[in-house]
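Every chain is numbered from 1, with letters handed out A, B, ... down the list of sequences.
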2 protein chains.
Amino acid sequence: MKIDIDTVLREHGIQPSAQRVAVAQYVLNTTAHPTAEKVAAEVRKTFPMISRATVYNTLNLMVEHGLLREFVLDDGTTVFDANVGSHHHFVDDETGRIHDIPWDSLKVSKLEALEGFEVREYQVVLRGRLRGTSRRRS
Amino acid sequence: MKIDIDTVLREHGIQPSAQRVAVAQYVLNTTAHPTAEKVAAEVRKTFPMISRATVYNTLNLMVEHGLLREFVLDDGTTVFDANVGSHHHFVDDETGRIHDIPWDSLKVSKLEALEGFEVREYQVVLRGRLRGTSRRRS
DNA sequence: ACACGCGCAAGACTAAGTCTAACTTTAGAC
DNA sequence: GTCTAAAGTTAGACTTAGTCTTGCGCGTGT
């Protein structure tokens with residue numbers, strides 16, 4: 001479950017440090033799509049002295065080095081996603097939580113027909129409710 | 001081209017005022033997907049005394065009443081779109097500008113197969129370059 | 001051992017947006 | 001037309017998320 005974070009960082013060209021490992025440890029092992037502040041809060045549970053700037057620096061570093069993906073929600077909050085492969089997103093209207101949708105669950109066609117646009121990447125953003133949820137409050 | 005803004009507002013249940021008309025006048029007649037600050041700047045050209053709060057209030061009002069749509073870009077900036085019908089978005093990597101893609105240009109299939117998700121709406125967000133643009137700088 | 005550089009901390013700073021309190025305008029009643 | 005209450009507007013304080021700056025300390029290579 002939890003491989004050697006130290007190695008993962010190094011493999012992606014990031015020099016490890018206690019703080020960076022702590023951040024990576026958390027953010028690479030959750031599917032919760034946390035915000036930067038959430039990451040900071042979590043990490044501080046085991047590493048109380050880490051500064052905000054370091055958390056932000058580390059997250060940005062990880063994004064730059066392809067270890068993490070940044071995603072901005074409709075309400076403007078930006079969250080991080082350890083799932084760096086292509087996938088779509090479903091946003092729960094009620095809780096705001098994001099769920100990853102496997103790439104192959106959806107198919108977008110007619111992309112070729114877009115005259116004048118050279119598409120590098122795309123993604124479907126869905127919004128709605130989870131079916132059969134008995135209203136769990138966040 | 002420019003219908004009676006006063007009437008449009010009233011038809012959507014918004015009591016017109018000089019400030020509101022000025023904001024609506026601009027934002028309903030552009031396809032530029034402006035930010036709130038951009039709207040404020042534009043409106044001030046003809047209405048210098050309008051306050052920031054009023055611009056924000058008016059834009060939010062218009063969104064609530066379905067005259068406008070809010071859209072958050074990947075970098076977290078939120079912009080407004082007078083095109084309230086369903087459509088997709090293409091974000092130009094180079095300039096950051098957004099282009100509306102007609103709903104029927106793309107087709108998303110297999111939506112039904114999403115077990116457990118009750119989709120209320122969705123949208124494809126594409127990213128890339130405009131084809132054949134001779135690098136116009138923003 | 002030494003110095004150089006990288007990373008970290010703390011807090012100042014910025015940008016975008018919301019909130020508040022006081023003032024002004026408007027619509028409707030008389 | 002005048003009055004009043006409600007609605008709208010203003011300026012600026014406040015909040016939140018994030019970046020920048022400055023200085024310190026530790027590790028590493030020679």
Side-chain angles (χ1 to χ4, degrees), chain A residues 5-6 9-10 12-27 33-65 67-81 96 98, chain B residues 5-7 9-10 12-27 33-44 46-65 67-81 96 98:
Chain A
I5 296 288
D6 215 84
L9 289 179
R10 237 184 283 272
H12 284 79
I14 298 177
Q15 167 78 358
S17 76
Q19 289 86 337
R20 288 176 179 177
V21 169
V23 169
Q25 185 66 253
Y26 169 66
V27 82
H33 301 84
T35 62
E37 297 296 340
K38 174 84 167 104
V39 174
E42 282 301 319
V43 170
R44 267 195 262 269
K45 286 182 183 173
T46 61
F47 203 136
M49 291 310 297
I50 197 169
S51 89
R52 245 155 53 83
T54 299
V55 173
Y56 278 96
N57 285 342
T58 303
L59 291 172
N60 290 338
L61 250 193
M62 290 177 73
V63 169
E64 280 162 30
H65 287 74
L67 265 167
L68 225 47
R69 174 164 300 192
E70 215 173 350
F71 184 66
V72 179
L73 277 62
D74 257 33
D75 62 358
T77 57
T78 91
V79 301
F80 295 89
D81 190 345
I98 303 180
Chain B
I5 296 288
D6 215 85
T7 308
L9 290 179
R10 238 184 282 271
H12 283 78
I14 298 177
Q15 167 78 357
S17 76
Q19 289 87 336
R20 290 176 177 176
V21 169
V23 169
Q25 185 67 254
Y26 169 67
V27 82
H33 301 86
T35 62
E37 297 295 339
K38 174 85 168 104
V39 173
E42 283 301 320
V43 170
R44 270 195 260 268
T46 61
F47 203 137
M49 289 313 295
I50 197 169
S51 90
R52 245 156 53 83
T54 299
V55 173
Y56 278 95
N57 284 342
T58 303
L59 290 172
N60 290 338
L61 248 193
M62 289 177 74
V63 169
E64 280 162 30
H65 288 75
L67 264 167
L68 226 47
R69 174 164 299 191
E70 215 171 351
F71 184 67
V72 179
L73 277 62
D74 258 32
D75 63 357
T77 57
T78 90
V79 301
F80 294 88
D81 190 345
I98 302 180

Query raised in the report: Does some side-chain heavy atom of A:L67 sit less than 4.5 Å from a side-chain heavy atom of A:L61?
Result: no
Query - Separation of atom NZ in B:K38 from atom C1' in C:dA16, rounded to whole Å - result: 17 Å
Requested in this report: For A:L59 and C:dG7, give me the distance from atom CG to atom C1', rounded to whole Å.
Outcome: 15 Å
Query raised in the report: Is B:R44 close to B:I50 at the side-chain level, that is, under 4.5 Å between some pair of heavy atoms?
Result: yes
**Report entry** Under 4.0 angstrom between A:S17 side-chain N/O and C:dC6 OP1 or OP2
**Finding:** no
Query raised in the report: Any side-chain heavy atom of B:V63 within less than 4.5 Å of one from B:F80?
Result: yes
Report task. Write down the distance between CG (B:D6) and P (C:dA27), rounded to a whole number of angstrom. Result -> 10 Å
Report summary line: On DNA chain C, more 5' by nearest nucleotide between B:Q15 and B:T35 is B:T35
Report summary line: Whole-Å distance, B:E70 CD to C:dA16 P, equals 15 Å
Query raised in the report: Looking at residues 44-58 of chain A, who's got a heavy atom less than 4.0 Å off DNA chain D?
Result: A:R52, A:A53, A:Y56
**Report entry** Sugar-phosphate only, base, or nothing, as touched by A:T77 at under 4.0 Å among non-hydrogen atoms
**Finding:** nothing
Query - Minimum side-chain heavy-atom gap A:Y56-A:E37 below 4.5 Å - result: yes
Query raised in the report: Which residues pass the side-chain contact (heavy atoms from CB on, under 4.5 Å) test with A:T77, sequence neighbours left out?
Result: A:L73, A:D75
Query raised in the report: Would you call A:R20 and A:I14 a side-chain contact if the rule is heavy atoms closer than 4.5 Å?
Result: yes
**Report entry** Nucleotide C:dT18, atom C1' - distance to CD of B:E64 in whole Å
**Finding:** 13 Å
Query - Span of DNA chain D in contact with chain B (heavy atoms, under 4.0 Å) - result: D:dG8 to D:dA11
Report task. Mind checking A:N60 for me? I need base, sugar-phosphate or nothing, with any heavy atom below 4.0 Å counting as a touch. Result -> sugar-phosphate
